[in-house]
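Within every chain, numbering begins at 1; the chains are lettered A, B, ... in the order of the sequence lines, protein sequences first and strands thereafter.
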There are 2 protein chains.
Amino acid sequence: MSKRHNTTLKELAKELNLSISTVSRALNDHPDINATTKQNVKDLARRMNYSPNLFARSFRSQKTNIIGVVVPNISHYFTSTILKGILEEAEIQGYRIIISESNNSEAKQTEMLNTMTQFGVDGILMSLTRKIEKIDDILQTLNRVPIVLFDKVSQKIPCTQIVIDEEQAAFNAVEHLIELGKERIAIIKETENSYNSEKRYAGYLRALEHHSIKIREKIILSTEDISLIHGRRLTNILLSMKKRPDAIFAITDNAAIGAIKALNKFKVKIPEEVAVVGFSNSANSKIIQPELTTVDQPGDKIGRTSVKYLIEEIENPSNDVITKTVEIKTTLVVRDSSLRA
Amino acid sequence: MSKRHNTTLKELAKELNLSISTVSRALNDHPDINATTKQNVKDLARRMNYSPNLFARSFRSQKTNIIGVVVPNISHYFTSTILKGILEEAEIQGYRIIISESNNSEAKQTEMLNTMTQFGVDGILMSLTRKIEKIDDILQTLNRVPIVLFDKVSQKIPCTQIVIDEEQAAFNAVEHLIELGKERIAIIKETENSYNSEKRYAGYLRALEHHSIKIREKIILSTEDISLIHGRRLTNILLSMKKRPDAIFAITDNAAIGAIKALNKFKVKIPEEVAVVGFSNSANSKIIQPELTTVDQPGDKIGRTSVKYLIEEIENPSNDVITKTVEIKTTLVVRDSSLRA
DNA sequence: TTAAGAATTGCAAACGATTGCGGTAACGTT
DNA sequence: AACGTTACCGCAATCGTTTGCAATTCTTAA
């Protein structure tokens with residue numbers, strides 16, 4: 001017996017002296033088929049280790065039950081938790097997942113979209129690259145299969161988008177600092193007007209306004225690459241000011257951790273002198289000392305929700321343009337970096 | 001025009017008044033076809049946005065160009081870096097990747113193997129669950145498609161295995177501590193005799209023996225769940241000893257970080273009083289203070305190598321049992337937790 | 001002019017599963 | 001005895017692509 005052999009309907013049929021169609025129907029519990037015949041077929045199928053060739057099936061039904069996923073970076077922690085949710089929900093619903101990375105390159109991203117549609121996926125889940133300039137390519141694939149965006153999204157693309165309540169989350173985070181008695185609250189955000197950064201910044205502003213706190217342009221800092229290193233760099237700038245801020249809201253855990261590292265270096269007491277709040281509840285946030293107060297983004301829920309909406313569109317195709325935005329609730333995880341004394 | 005329509009060879013053929021076979025051959029640059037005909041066909045194909053139905057193709061060739069990947073936990077950092085390598089190499093070689101998680105459940109793992117073979121993957125890359133008791137299921141799928149194991153492997157399964165040089169890596173790590181002047185070196189390892197833990201422990205022993213350092217059973221600690229929490233717990237035990245160790249080798253970064261947290265709490269100076277070395281070079285290792293000396297495991301290289309060996313077996317099938325073990329070199333990343341004063 | 005040979009192109013089967021429709025046999029009804 | 005019904009099963013087409021072989025046209029040399 002060849003190593004890679006797979007039993008087919010034909011073989012079962014031959015063995016049983018039945019036609020292929022009867023065997024097929026028997027296995028699918030078609031009412032036309034005699035009960036004992038069914039039993040015979042099923043028994044033999046089990047014995048011969050039969051399993052249907054899903055490619056033949058997909059080929060015939062023009063449905064693959066495969067969902068393509070495109071993300072900038074699979075080893076980014078938050079992304080991988082989303083992926084976890086996607087995998088779970090997809091499995092429950094009987095879909096398989098093909099993953100690919102864009103590495104934050106727009107060209108790669110469109111290439112991936114093309115590969116996937118060509119491959120015949122039933123739908124695509126995508127988190128966008130940092131910059132997007134040519135949405136035409138995306139619109140073109142959107143014209144062939146349904147797409148659901150998550151995390152890194154763009155309102156310019158007319159499709160369902162699953163995001164967290166960025167603005168409200170940021171509002172809560174900053175309000176938490178205000179309730180701590182802080183009133184000179186710096187923010188470290190992105191220069192690029194990414195969806196996420198923009199929303200979080202808006203939440204920051206709204207919190208300050210809501211509590212009638214003056215907005216100080218000087219302590220609103222931006223960086224292109226919102227990373228640990230630049231978090232540290234910008235914090236050093238904040239520390240060199242005549243009037244230091246008494247709190248820092250970094251729109252990313254990594255930047256917040258950079259801030260803490262800078263504060264630690266200069267022995268600034270956290271949170272007494274400067275409190276810090278991040279965003280993501282990454283694994284790192286529990287490693288740094290003091291542990292970081294941060295916004296918990298339920299990655300698995302985002303993943304599951306994205307899958308649900310996508311499958312909904314796959315199985316109930318409509319020609320209408322769908323531009324629903326679903327917001328997933330977040331919670332603030334308060335840790336030592338902003339604990340009330 | 002229907003939203004999901006795909007052009008087929010038939011349509012191209014009809015449009016050009018050619019047969020399907022000619023069109024097919026033209027697109028595949030078959031020498032039999034006239035140059036101008038080829039050009040015409042290709043032009044129309046482009047204009048009509050033709051792309052071959054890969055399912056039909058796979059269906060016919062009985063080759064899917066899909067590799068299945070089964071890992072315990074996709075959001076584990078090291079795993080995700082391996083995945084990154086897998087994705088890259090697979091893409092280069094024209095394969096697609098289907099990922100699924102076993103969540104460290106053996107039952108789930110076999111279920112996944114079945115789903116994947118049924119799906120028709122050309123081969124499987126797998127990192128095993130913590131415990132494996134019934135290797136029969138694995139052997140059965142191994143009988144249908146080639147499997148390559150990586151990271152969490154088992155010698156009981158006769159297939160290619162890609163691992164890091166666990167033993168040598170541990171040896172180097174411990175030797176590094178010895179060269180630092182440490183001689184009372186504790187180890188925190190796993191109770192379960194996992195492949196990794198066993199090898200690292202062996203490296204630890206060899207390093208001590210090689211430098212004629214007495215092996216002290218008391219400071220050889222094990223835990224079932226090698227995590228931050230238990231790293232901390234075991235370190236607390238070490239600290240409560242009359243004669244404290246002067247170094248800790250934890251076979252996992254998380255455990256090492258737990259150790260550092262415990263040491264920090266009791267204001268034990270790192271590395272002067274107790275040096276710490278971990279294993280993995282996880283993102284966390286640069287976050288903790290002091291930053292952690294650790295073994296860097298090149299995840300992407302493991303991923304790429306795994307893919308290479310698997311594809312080799314896919315494309316050159318042999319009926320022989322292959323039981324090659326490939327070891328990937330690691331390097332020790334020295335950071336503050338073990339820096340010479 | 002003609003036949004051999006080369007250059008093109010088409011026919012049809014094949015891959016594995018599904019399914020509409022038609023066929024057969026057994027049985028019951030009048 | 002003739003017909004209708006029911007239960008069960010098979011034929012054959014279909015999905016889109018590839019490919020061995022046959023068929024056709026065109027060249028070219030005898």
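- Within the 4.5 Å cutoff, side-chain heavy atoms of B:L310 are placed close to those of B:P146.
- Of the residues in residues 48-62 of chain A, those with a non-hydrogen atom less than 4.0 angstrom from any atom of DNA chain C are A:Y50, A:P52, A:N53, A:A56, A:R57, A:F59, A:R60.
- In terms of heavy atoms, B:A26 sits closest to B:K42 at O-CE, 3.7 Å.
- Within the structure, every side-chain polar atom (N or O) of A:N34 is placed at least 4.0 Å from both OP1 and OP2 of D:dC9.
- A donor-acceptor contact under 3.5 Å is formed by the side chain of A:D32 with the base of D:dC9.
- Considering all non-hydrogen atoms of both residues, A:Q109 and A:S127 come closest at OE1-O, 4.1 Å.
- For B:I33 and A:N28, each mapped to the nucleotide of DNA chain C holding its nearest heavy atom, the one lying further toward the 5' end belongs to B:I33.
- No N or O donor and acceptor, one from the side chain of A:T37 and one from the base of D:dC9, sit under 3.5 Å apart.
- The shortest distance between the side-chain N/O atoms of B:K63 and the OP1/OP2 oxygens of C:dC15 is not below 4.0 Å.
- For B:L9, the listed nucleotide lying nearest its side chain is D:dT18; candidates were D:dG10, D:dT18, D:dC8.
- Of all heavy-atom pairs spanning B:L125 and B:V307, the tightest one is CD1-CG2, 3.8 Å.
- Phosphate proximity of C:dT19 to A:S21: absent, as no side-chain N or O sits under 4.0 Å from OP1 or OP2.
- Side-chain atoms of A:R25 lie closest to C:dG20 of the nucleotides C:dG10, C:dG20, C:dT8.
- Neither OP1 nor OP2 of C:dT8 sits under 4.0 Å from any side-chain N or O of B:K38.
- Relative orientation of the B:F55 and A:F119 rings is tilted, given thresholds of 30° and 60° on the angle between their planes.
- Nearest heavy atoms, A:I311 versus A:Y95: CD1-CD1, 3.5 Å.
- Within 4.0 Å of B:I20, counting heavy atoms only, lies at least one base atom of the nucleic acid.
- Spacing between atom CG of A:L18 and atom P of D:dC11 amounts to 11 Å, rounded to whole angstrom units.
- Backbone-only contact: A:T8 has heavy atoms under 4.0 Å from sugar-phosphate atoms and none from a base.
- Not one side-chain nitrogen or oxygen of A:S19 sits closer than 4.0 Å to the OP1 or OP2 atom of D:dC11.
- Closest approach of B:S154 and B:L149 over heavy atoms only: N-CD1, 3.9 Å.
- When the P atom of D:dT19 is taken as reference, atom CG of B:L27 falls 13 Å away, rounded to whole Å.
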